[in-house]
Visitor: 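Before we start, here is the structure in question, set down as structure tokens.
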Amino acid sequence: MNFRKICVLGLGYIGLPTAATFATHGLHVLGVDINPHVIETLRNGNIHIHEPGLRTVVESALSSGNLAISSEPEPADAFLIAVPTPFHEDQYGEYDGRKYRLADMRAVESATEAILPYLRKGNLVILESTSPPRTTVDLVRPILERSGLKAGVDFYLCYSPERVLPGQILRELIENARVVGGITPESAQAGCDLYATFVKGEIIETDATTAEMVKLMENTTRDINIAIANEFSRLAEKLGVDIWEAINLANRHPRIKILRPGPGVGGHCISVDPWFLVETAPELTPLIYHARQINDGQPLFVVEKVRQALGPLKEKRIAALGLAYKPDVDDLRESPATEVVQLLQKEGAVVRVWEPFKPDAKVKDIDMAPSLETALKDADAILLLVRHTQFINFHPEEIASKTKARILIDCVNSSSSEQWKTAGFDLFRLGVSKASKSAHR
Ligand SMILES: NC(=O)c1ccc[n+]([C@@H]2O[C@H](COP(=O)([O-])OP(=O)(O)OC[C@H]3O[C@@H](n4cnc5c(N)ncnc54)[C@H](O)[C@@H]3O)[C@@H](O)[C@H]2O)c1
């Protein structure tokens with residue numbers, strides 16, 4: 001199938017790089033978003049998210065005339081939906097005493113409805129948003145069929161999960177293998193034809209529900225693997241074992257790959273997507289549910305660590321470094337670091353946060369410092385919450401010269417424990433009790 005013009009609905013971390021990459025590979029692309037700030041920023045030639053290399057690709061797509069930005073779709077050969085699929089903030093399901101989160105699919109519904117007036121015979125519609133199993137057939141298809149056209153007969157319909165890594169999106173978009181699930185084999189073929197515009201990785205055809213399940217299984221597996229690392233970190237503290245040393249040794253086994261413990265699991269994907277499987281069949285998913293509970297409980301474990309270091313938290317001044325949900329990104333969504341800060345504040349601590357990737361972020365009730373120096377000034381302790389490259393490259397002596405704090409609580413195993421100690425810091429590391437042998441090395 002040949003494509004000349006496509007519409008991409010949702011111009012965020014996924015939709016914008018996708019739209020710009022299609023445009024730089026010769027397609028006419030209309031990028032659609034409902035957020036006026038996004039539209040205005042892009043129309044002015046700027047970008048509203050931090051992603052290495054994205055500015056250049058967007059600039060080149062806009063200046064070639066192949067990428068246009070609008071708040072409304074237009075007729076096109078294909079429509080791609082990349083809108084958010086968070087969980088509801090205030091709605092829960094319950095099964096056997098287990099309270100679980102519910103997917104908020106309103107953005108997918110309204111984006112699909114926005115396509116309706118423009119849907120024509122022979123079009124292709126692809127859902128890329130991470131979604132509960134059967135969303136494509138049970139939610140998207142009936143909405144599109146209100147047009148009077150029949151999915152799989154009059155138009156093609158696919159689900160294709162996005163698996164890019166923030167920070168590497170532009171490269172991975174092109175190089176990663178891509179799964180394309182069609183509601184019919186012809187739909188899958190049409191989806192493959194579209195992605196072949198720029199994808200160099202393998203493009204694999206399947207059905208839509210399998211493709212939805214693939215994405216959810218990937219992220220759920222990571223969540224469970226992080227949960228076991230976090231559980232090990234709690235055990236290690238109880239047993240006087242240094243978790244970082246223990247993981248390092250266990251990972252010498254050729255078939256073992258334990259992930260890193262940390263202050264929790266965040267972001268738009270891994271902390272959200274497993275709930276879509278729990279919601280689908282709570283009676284079949286106790287392991288997934290409990291992994292979520294462990295990872296969601298990790299910020300409380302960090303607060304305990306801070307209490308061990310500082311004693312009662314009331315009026316203690318803490319410089320919290322990092323608020324993003326993972327290293328070297330500006331994405332604060334569902335970040336466990338935010339939760340740690342809020343929990344500390346509830347206990348009466350006075351927390352100033354330095355997030356180098358988003359210093360001017362407005363986060364409810366959180367005091368963002370305009371610079372590292374401001375965060376460190378007057379602090380009683382430094383709390384390292386994200387493994388940003390900038391933080392692991394800190395020179396402890398230099399940090400010591402900027403603050404009177406001599407306590408470092410390290411939740412991410414920043415690389416230079418000995419140097420911190422030499423610079424006069426008392427070190428508290430997640431997964432390492434003060435009594436562990438390595439603390440006395
Ligand atoms: N960010 C990632 O790393 C990543 C990776 C894989 C999959 N995903 C999935 O991709 C989807 C999009 O994620 P994202 O990170 O790009 O989200 P995002 O929040 O960065 O961007 C989504 C954009 O969609 C816009 N939008 C909302 N409703 C709309 C509508 N009805 N019509 C048009 N635009 C609308 C928003 O204004 C926003 O700009 C989600 O389902 C997410 O789970 C994300």
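Remember, it's 1-based here, ligands and their atoms both numbered in the order they're listed.
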Visitor: Evaluate Gln390 against Trp354 for side chain to side chain contact (heavy atoms under 4.5 Å, CB included), listing each step before the verdict.
Guide: CA-CA 12 Å; Gln390 178 189 339; Trp354 165 237; 3.9 Å; yes
Visitor: I need the atoms of ligand 1 closer than 4.0 Å to a non-hydrogen atom of Asn35, numbered in the order shown.
Guide: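 Within the 4.0 Å cut-off of Asn35, ligand 1 contributes 37 (O).
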Visitor: Regarding Arg101 and the six-membered ring of Tyr92, is the cationic atom NZ or CZ under 6.0 Å from the ring centre and inside 45° of its axis?
Guide: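 Pair Arg101/Tyr92 does not count as cation-pi.
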Visitor: Is there a heavy atom of Arg163 sitting under 4.0 angstrom from any atom of ligand 1?
Guide: no
Visitor: Just let me know how Ser131 lines up against ligand 1, side chain, backbone, both or neither, with a heavy-atom cut-off below 4.0 Å.
Guide: neither
Visitor: Please list the nearest protein heavy atom to atom 21 (O) of ligand 1 with its residue and the distance rounded to 0.1 Å.
Guide: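 Nearest neighbour among protein heavy atoms for atom 21 (O) of ligand 1, to 0.1 Å: Gly12 CA, 3.1 Å.
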Visitor: Rounded to the nearest 0.5 Å, what's the gap from CD on Glu355 to CG on Leu372? Could you check?
Guide: 11.5 Å
Visitor: Any nitrogen or oxygen of Asp33, side chain or backbone, less than 3.5 Å from one on ligand 1?
Guide: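 The answer is yes, given that Asp33 and ligand 1 share an N or O pair closer than 3.5 Å.
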Visitor: Starting from atom 26 (N) of ligand 1, find the nearest protein heavy-atom neighbour and note its residue, name and distance.
Guide: Ile34 CG1, 3.8 Å
Visitor: Let me confirm one number: the CG-CG distance from Asp242 to Asn413, rounded to the nearest 0.5 Å.
Guide: 7.5 Å
Visitor: Would Asp367 and Arg352 count as a salt bridge (charged side-chain N to carboxylate O under 4.0 Å, His left out) here? Give the steps.
Guide: CA-CA 5 Å; Asp367 180 13; Arg352 292 210 91 183; 2.9 Å; yes
Visitor: Within 45 degrees of the axis of the six-membered ring of Phe428 and under 6.0 Å from its centre: does Lys305 put its NZ or CZ there?
Guide: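 Checked: cation-pi criterion not met.
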Visitor: Within the structure, is a non-hydrogen atom of His48 found at a distance of less than 4.0 Å from ligand 1?
Guide: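 Heavy atoms of His48 never come under 4.0 Å of ligand 1.
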Visitor: Atom CZ in Phe155, atom CG in Leu124: separation rounded to 0.5 Å?
Guide: 10.0 Å
Visitor: Please identify which atoms of ligand 1 are closer than 4.0 Å to at least one heavy atom of Leu11.
Guide: 23 (C)
Visitor: Between Ser371 and Thr374, does the side chain to side chain donor-acceptor pair (under 3.5 Å) criterion hold? Intermediate values first, please.
Guide: CA-CA 5 Å; Ser371 66; Thr374 335; 2.3 Å; yes
Visitor: Using heavy-atom distances, let me know which of Ile49, Ile39, Thr130, Val272 sits nearest atom 43 (O) of ligand 1.
Guide: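 Checking each option, the heavy atom nearest atom 43 (O) of ligand 1 is found in Thr130.
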Visitor: Are the charged groups of Glu128 and Arg178 less than 4.0 angstrom apart, N to O?
Guide: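 Salt bridge between Glu128 and Arg178, a charged N being under 4.0 Å from a carboxylate O: yes.
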Visitor: Counting heavy atoms only, which part of Met105 comes closer than 4.0 Å to ligand 1: side chain, backbone, both or neither?
Guide: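 Neither part.
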Visitor: Nearest 0.5 Å, please: how far is SG in Cys158 from CG in Leu127?
Guide: 10.0 Å
Visitor: Pro166: heavy atom below 4.0 Å from ligand 1, yes or no?
Guide: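 True for this residue.
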Visitor: Please could you name the atoms of ligand 1 that Lys215 approaches to less than 4.0 Å, counting only its heavy atoms?
Guide: 6 (C), 7 (C)
Visitor: Just to confirm my output: which protein heavy-atom neighbour is closest to atom 16 (O) of ligand 1, and how far is it?
Guide: Ile14 N, 2.9 Å
Visitor: Report the nearest protein non-hydrogen atom to atom 31 (N) of ligand 1: residue, atom name, distance rounded to 0.1 Å.
Guide: Ser110 OG, 3.1 Å
Visitor: Considering both backbone and side-chain atoms of Thr85, is one of its nitrogen or oxygen atoms within less than 3.5 Å of a nitrogen or oxygen in ligand 1?
Guide: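 Yes, Thr85 has an N/O under 3.5 Å of an N/O on ligand 1.
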Visitor: In ligand 1, which numbered atoms sit nearer than 4.0 Å to a non-hydrogen atom of Ala107?
Guide: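 Heavy-atom distances to Ala107 below 4.0 Å select 28 (N), 31 (N).
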Visitor: With atoms numbered from 1 as shown, which atoms in ligand 1 lie under 4.0 angstrom from a non-hydrogen atom of Ser129?
Guide: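 Within the 4.0 Å cut-off of Ser129, ligand 1 contributes 11 (C), 41 (O).
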Visitor: Indicate, as side chain, backbone, both or neither, the part of Asp273 found under 4.0 angstrom from ligand 1 when only non-hydrogen atoms are considered.
Guide: neither
Visitor: Got a salt bridge between Asp154 and Lys150, using NZ or NE/NH1/NH2 to carboxylate O under 4.0 Å?
Guide: no
Visitor: Does Glu175 pair with Lys200 as a salt bridge, N-O distance under 4.0 Å?
Guide: no
Visitor: Check Asp410 with Arg429, please: is the shortest side-chain N to carboxylate O separation under 4.0 Å?
Guide: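 A salt bridge is absent here (no side-chain N lies under 4.0 Å from a carboxylate O).
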Visitor: Looking only at protein heavy atoms, which one is nearest to atom 19 (O) of ligand 1, and what is the separation?
Guide: Arg333 NH1, 3.1 Å
Visitor: Using 0.5 Å steps for rounding, measure from the CZ atom of Arg260 to the CZ atom of Arg387.
Guide: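 So the gap between those two atoms works out to 3.5 Å.
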Visitor: For atom 14 (P) of ligand 1, grab the closest protein heavy atom and report residue, atom and distance to one decimal in Å.
Guide: His268 CD2, 3.8 Å
Visitor: Heavy-atom pairs closer than 4.0 Å: do any link ligand 1 to the side chain of Ala82, the backbone, both, or neither?
Guide: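 The part of Ala82 near ligand 1 is the backbone, not the side chain.
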Visitor: Ignoring angles and geometry beyond distance, decide whether Glu128 reaches within less than 3.5 Å of ligand 1 through its nitrogen or oxygen atoms.
Guide: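 The answer is no, given that Glu128 and ligand 1 share no N or O pair closer than 3.5 Å.
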Visitor: With no hydrogens and no angle check, just 3.5 Å: does a side-chain donor-acceptor pair link Ser233 and Asn230?
Guide: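 On atom types as modelled, these side chains do not qualify, holding no pair under 3.5 Å.
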Visitor: When you measure from atom 11 (C) of ligand 1 to every protein heavy atom, which one gives the shortest distance, and what is it?
Guide: Val83 O, 3.4 Å
Visitor: Going by the atom numbers of ligand 1, which of them fall below 4.0 Å from some non-hydrogen atom of Ala111?
Guide: 31 (N)
Visitor: Can you find an N or O of Glu162 that's nearer than 3.5 Å to an N or O of ligand 1?
Guide: no
Visitor: If you have a sec, work out which protein heavy atom is nearest atom 27 (C) of ligand 1 and how many Å separate them, to one decimal?
Guide: Pro84 CD, 3.5 Å
